[in-house]
Participant: 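Before I ask anything, let me first share the structure, which is written out below as structure tokens.
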Amino acid sequence: GAVVSQHPSRVICKSGTSVKIECRSLDFQATTMFWYRQFPKQSLMLMATSNEGSKATYEQGVEKDKFLINHASLTLSTLTVTSAHPEDSSFYICSATGLAGAPSYNEQFFGPGTRLTVL
Amino acid sequence: LAKTTQPISMDSYEGQEVNITCSHNNIATNDYITWYQQFPSQGPRFIIQGYKTKVTNEVASLFIPADRKSSTLSLPRVSLSDTAVYYCLVGGGRDDKIIFGKGTRLHILP
């Protein structure tokens, strides 16, 4: 099946620093990638949708200048949390949909997630 | 985007069949129904998807009545490793954004 990886799996940083999280589709080309955030015991919250070569579309309430998304190729999207603060500590998950040929009509392939802790 | 409603939590025992029902009264004509499983600190994993009637794969079955306003995920003979959160989602296209509901926290007891 299609595999999506994320790097790093876990990151701890100091308040005020920026953190970059990579999301890669390993064996397929991803036309669209999604970024989610999940707090403990809560559901996934969609942050933004990104398409290769175009600007990301952010959900209401998500600061685009704080959460920078770059989808430079069909296999890589990055999320940069700028000037991170403790309240940004969360589990960040990406997903991707592929070109024609995905086994299910609306299947999104999810990455394993990145645990961000801001001190 | 159709909103979904599921039970917040369920308990069952090893070896039992578990049925989790999801309501989606506002499902659109071109929407599919998809179920995902999520373990703690992991990304969601696709379980099954369907449009109408019944779909079965190696891990689950999905029952969808004719009006498509609800669906039931059936897990046969569950084990302790099936303890997870299960999400029911509806969407109409490959690149449609998915809005996750609260999911059902399934706890399997020995």
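Letters A, B, ... are given to chains in the order of the sequence lines, protein chains preceding strands, and every chain is numbered from 1. All values derive from a computational prediction rather than experimental measurement.
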Participant: With sequence neighbours excluded, what pairs up with R24(A) under the salt bridge (charged side-chain N to carboxylate O under 4.0 Å, His left out) test?
Facilitator: E22(A)
Participant: Given a strict heavy-atom distance threshold of 4.5 Å, which part of I93(A) is in contact with chain B: side chain, backbone, both, or neither?
Facilitator: side chain
Participant: F110(A) vs F46(B), test: ring-ring contact (aromatic ring centres under 6.0 Å, His included). Steps then yes/no.
Facilitator: CA-CA 9 Å; F110(A) 287 84; F46(B) 174 89; over 10 Å; no
Participant: Can you say whether the rings of F67(A) and Y92(A) are parallel (under 30°), tilted (30 to 60°) or perpendicular (over 60°)?
Facilitator: tilted
Participant: At a heavy-atom separation under 4.5 Å, does Y87(B) approach chain A through its side chain, its backbone, both, or neither?
Facilitator: side chain
Participant: Does any heavy atom of chain A fall under 4.5 Å from the side chain of R45(B), the backbone, both, or neither of them?
Facilitator: neither
Participant: Using every non-hydrogen atom in the two residues, find where S83(A) and S18(A) come nearest and quote the distance to one decimal.
Facilitator: N-OG, 3.4 Å
Participant: Please state whether the side chain, the backbone, both or neither of Q6(A) comes within less than 4.5 Å of a heavy atom of chain B.
Facilitator: neither
